[in-house]
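Here's the structure we're looking at; comments come further down.
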Amino acid sequence: MSEKVSVECCVIGGGPAGMMLGLLLARAGVNVLVLEKHADFLRDFRGDTVHPSTLQIMYELGLLDRLLELPHSRIEELTVRFGDSDVTVASFKNLPIRCRFVAIMPQWEFLNFIAREAERYSSFRLMMNTEATDLIEREGKIVGVAAHGPNGPLEILARLVVGADGRQSGFPERAGLEAEELGVPMDVFWFRLSRRVADDPSQAGGRFDRGRILVLIPRVGYWQVGYVIPKGSAERIRGVGLEAFRDMVGGAAPFARDRVQEIRSWDDVKLLTVRINRLRRWFRPGLLFIGDAAHAMSPVGGVGINLAIQDAVATANAVAVPLREDRLTTSDLERVQRRRELPMRATQKLQMVMQEAVIRPNLRAENKVGRMPIAFQLLRVFPPLRRVPAYLIGMGLRPEHVRTPTIPGSPG
Ligand SMILES: Cc1cc2nc3c(=O)[nH]c(=O)nc-3n(C[C@H](O)[C@H](O)[C@H](O)COP(=O)(O)OP(=O)(O)OC[C@H]3O[C@@H](n4cnc5c(N)ncnc54)[C@H](O)[C@@H]3O)c2cc1C
């Protein structure tokens with residue numbers, strides 16, 4: 001026998017998109033339930049960037065100061081090294097916004113923070129350890145979710161179901177929504193190496209040299225390192241052995257050569273299978289997909305979380321009042337796709353251009369010192385141009401703002 005629950009909105013997935021949507025809807029007085037299949041938010045390397053646009057949203061919600069009390073590091077500039085030449089590709093210092101930096105904090109800290117804030121509203125409920133297993137459909141409309149929680153099966157009826165369950169979501173297919181897959185030339189190995197603030201490079205950035213591409217993100221006490229590999233080559237590289245991989249890493253980041261033994265086994269190295277895709281249609285009556293579930297982004301520019309959160313804000317803006325007043329229509333859902341599709345497509349297009357112009361040729365150039373592409377040379381010669389990538393990465397195209405009301409007597 002299933003336990004039966006009835007809510008105004010059921011969100012599948014407690015990632016950045018789902019948690020932000022849960023918070024915004026609860027704050028607007030919508031009865032919202034977020035389902036998260038894991039028991040906690042602890043995940044390594046799930047994208048730990050909090051972009052200036054997200055910090056702006058937190059400011060608009062009155063939560064910025066409290067969020068920044070959590071331990072974090074700050075990135076104000078991104079530097080890329082081709083061979084021996086450095087170029088600053090983005091400087092966030094001039095963004096027309098409150099926080100002119102990317103905050104780096106573990107995603108679980110950020111999500112725990114959002115959960116704590118959301119739980120102050122009686123209209124919010126988060127069920128951990130609870131996996132959505134199916135959509136419930138009646139007369140062509142999605143009316144709820146079947147799930148499995150710690151106490152057994154659940155049947156959740158909802159006026160709106162939002163799929164925010166990430167890039168592996170199987171629900172779009174089950175709902176008959178088609179995805180379009182775009183080609184990518186790479187996958188990424190993620191791992192960590194200790195960081196010595198006095199001697200190490202001071203900036204986040206990328207390194208391109210002799211077929212090796214490395215991404216370095218400074219964290220409190222360590223480097224989060226991304227080693228970019230040709231698509232589908234992970235097994236071959238693992239087969240060659242860990243020692244050879246350590247050598248490759250040391251070659252790409254000579255300052256860290258003395259630390260590559262910190263990669264003790266392949267268990268320390270997480271593979272990100274890179275995908276770029278998007279749903280042609282994000283919605284059906286009673287159902288909407290946002291974040292990675294609607295469009296998986298390439299890691300180029302590290303903008304996946306940014307877009308997921310912007311989708312959540314746009315969704316809350318479009319659906320909160322209609323949901324609360326029980327007058328939600330499919331055109332409200334269509335409005336979300338119309339608003340977010342263009343920035344998402346334009347960002348994917350830019351990522352594809354970067355992949356073809358910069359990443360693919362550098363992955364092939366095994367014997368050549370990385371040559372700086374012309375666009376990067378221009379950034380070096382005309383520093384004001386660095387504002388363009390900074391804006392695209394830090395704010396994104398069409399930044400969203402909180403337009404949802406707060407219910408009278410609510411905590412904030
Ligand atoms: C290794 C790695 C590194 C990355 N680095 C960056 C970065 O530096 N910057 C950046 O911006 N982005 C980065 N990304 C991408 C970024 O993490 C995603 O774009 C972003 O998390 C998408 O948010 P989301 O809420 O849409 O989905 P997700 O973060 O994927 O969240 C989906 C949630 O749904 C839950 N879930 C899934 N299925 C179910 C179900 N059936 N029932 C209940 N819950 C379910 C999952 O457990 C998960 O918590 C990285 C991704 C990976 C994998």
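FYI, side chains are in, hydrogens and waters are out, and symmetry mates aren't considered; it's all heavy atoms of this structure.
Legend: side-chain hydrogen bond (donor to acceptor under 3.5 Å, both in side chains) pairs involving residues 384-403, not counting sequence neighbours, sorted by first then second residue: Glu60-His401, Arg339-Glu400, Arg340-Glu400. The ring pair (Phe, Tyr, Trp, His ring centres under 6.0 Å) pairs that include a residue from residues 148-173 number zero, where partners must be two or more places apart or lie in different chains.
Counting heavy atoms from C-beta on, the side chains of Trp266 and Ile237 come closer than 4.5 Å. The closest side-chain heavy-atom distance from Val7 to Arg125 is not below 4.5 Å. Residues Asp134 and Ile136 form no side-chain contact, since every pair of their non-hydrogen atoms from C-beta on lies 4.5 Å or further apart. At least one side-chain heavy atom of Trp190 sits less than 4.5 Å from a side-chain heavy atom of Ile217. Between Asp326 and Arg159, some side-chain heavy-atom pair lies under the 4.5 Å cut-off. In this structure, Ser194 and Glu262 have side chains that are in contact, with non-hydrogen atoms separated by less than 4.5 Å. Taking the side chain as every heavy atom from C-beta outward, Ile263 and Tyr227 never approach each other to under 4.5 Å. Side chains of Arg138 and Lys141 form no contact here, defined as non-hydrogen atoms less than 4.5 Å apart.
Rounded to the nearest 0.5 Å, atoms CD1 (Ile229) and CG (Leu272) are 9.5 Å apart. The distance from the CZ atom of Phe110 to the CG atom of Asn112 is 11.5 Å, given to the nearest 0.5 Å. Here the straight-line distance linking atom CG of Asp311 with atom CD of Gln337 works out to 10.5 Å at 0.5 Å rounding. Note: Ile156 CD1 to Glu3 CD = 8.5 Å, rounded to the nearest 0.5 Å. In this structure, the separation between CD1 on Ile309 and CD1 on Ile290 is 10.0 Å, given to the nearest 0.5 Å. With values rounded to the nearest 0.5 angstrom, Arg207 atom CZ is found 11.5 Å from Arg212 atom CZ.
With hydrogens and angles disregarded, a donor-acceptor distance shorter than 3.5 Å links the side chain of Lys231 to the backbone of Val274. With Gln348 contributing its side chain and Ala296 its backbone, the two residues share a donor-acceptor pair below 3.5 Å. A distance-only check finds a donor-acceptor pair linking the side chain of Thr130 to the backbone of Met128 [under 3.5 Å]. Of the possible donor and acceptor atoms, one in the side chain of Asp187 sits under 3.5 Å from a partner among the backbone N and O of Gly232. Side-chain atoms of Thr49 never come within 3.5 Å of backbone atoms of His51 as a donor-acceptor pair (strictly under, hydrogens ignored). Between the side chain of Asp268 and the main chain of Arg264, a donor-acceptor pair closer than 3.5 Å is present. Counting only distance, with no hydrogens or angles, the side chain of Glu36 and the backbone of His38 share a donor-acceptor pair below 3.5 Å. Side chain of Asn277 to main chain of Glu180: no donor-acceptor pair is present (N/O by atom type, distance under 3.5 Å, no hydrogens or angles).
Between Arg116 and Glu119 there is no salt bridge, since no side-chain N of the basic residue sits under 4.0 Å from a carboxylate O of the acidic one. The existence of a salt bridge linking Glu76 and Arg100 is excluded, since no basic side-chain nitrogen approaches an acidic carboxylate oxygen closer than 4.0 Å. Contact check on Arg66 versus Glu69 returns no salt bridge, with no Lys/Arg side-chain nitrogen under 4.0 Å from an Asp/Glu carboxylate oxygen. The pair Glu117-Arg120 meets the salt-bridge criterion, with a side-chain N (NZ, NE, NH1 or NH2) lying under 4.0 Å from an Asp/Glu carboxylate O. Under 4.0 Å is where a charged nitrogen must lie from a carboxylate oxygen, and between Arg275 and Glu181 at least one such pair does.
Counting heavy atoms of neighbouring residues, nucleotides and ligands inside a 6.0 Å radius, atom CD of Glu173 does not exceed 12 of them.
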- Message: What verdict does the side chain to side chain contact (heavy atoms under 4.5 Å, CB included) test give for Arg238 and Phe189, after you've listed the backbone C-alpha separation in whole Å, the side-chain angles of each residue and the deciding distance to 0.1 Å?
- Response: CA-CA 11 Å; Arg238 286 194 189 112; Phe189 278 136; 4.0 Å; yes
- Task: Please lay out, stage by stage, how Glu77 and Lys93 fare under the test salt bridge (charged side-chain N to carboxylate O under 4.0 Å, His left out).
- Result: CA-CA 8 Å; Glu77 288 187 339; Lys93 292 175 185 170; 3.4 Å; yes
- Message: Evaluate Phe41 against Gln107 for side chain to side chain contact (heavy atoms under 4.5 Å, CB included), listing each step before the verdict.
- Response: CA-CA 8 Å; Phe41 295 122; Gln107 196 180 98; over 6 Å; no
- Task: Start with the C-alpha distance between Val225 and Leu216, add both sets of side-chain angles, then the distance that settles side chain to side chain contact (heavy atoms under 4.5 Å, CB included), and finish with yes or no.
- Result: CA-CA 5 Å; Val225 187; Leu216 291 166; 4.0 Å; yes
- Task: Give the intermediate values and the outcome of side chain to side chain contact (heavy atoms under 4.5 Å, CB included) for residues Asp332 and Leu323.
- Result: CA-CA 10 Å; Asp332 295 314; Leu323 260 179; over 6 Å; no
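Taking the six-membered ring for Trp, Phe208 and Phe82 have ring centres closer than 6.0 Å. The six-membered or imidazole ring of Phe191 lies near that of Phe245, with a centre-to-centre distance under 6.0 Å.
Taking every heavy atom of both residues into account, Gly304 and Met297 meet most closely at CA-CG, 4.2 Å. Of all heavy-atom pairs spanning Leu279 and Ala179, the tightest one is CD2-CB, 3.9 Å. The minimum heavy-atom distance linking Ala320 with Ala28 is given by the pair CB-CB, 3.9 Å. In this structure, Gly22 and Val32 approach most closely via the heavy-atom pair O-CG1, 3.5 Å. Between Met344 and Leu307, the shortest heavy-atom contact is CA-CD2, 4.3 Å. Between Ala115 and Leu126, the shortest heavy-atom contact is CB-CD2, 4.1 Å.
For the side chain to side chain contact (heavy atoms under 4.5 Å, CB included) with Thr347, the qualifying choice from Leu397, Val300, Leu392 is Leu397, the only one to do so.
With sequence neighbours excluded, the residues satisfying salt bridge (Lys or Arg N to Asp or Glu O under 4.0 Å) with Glu356 are Arg360.
Using modelled atom types, one finds a donor on one side chain and an acceptor on the other under 3.5 Å when comparing Ser53 with Asn306.
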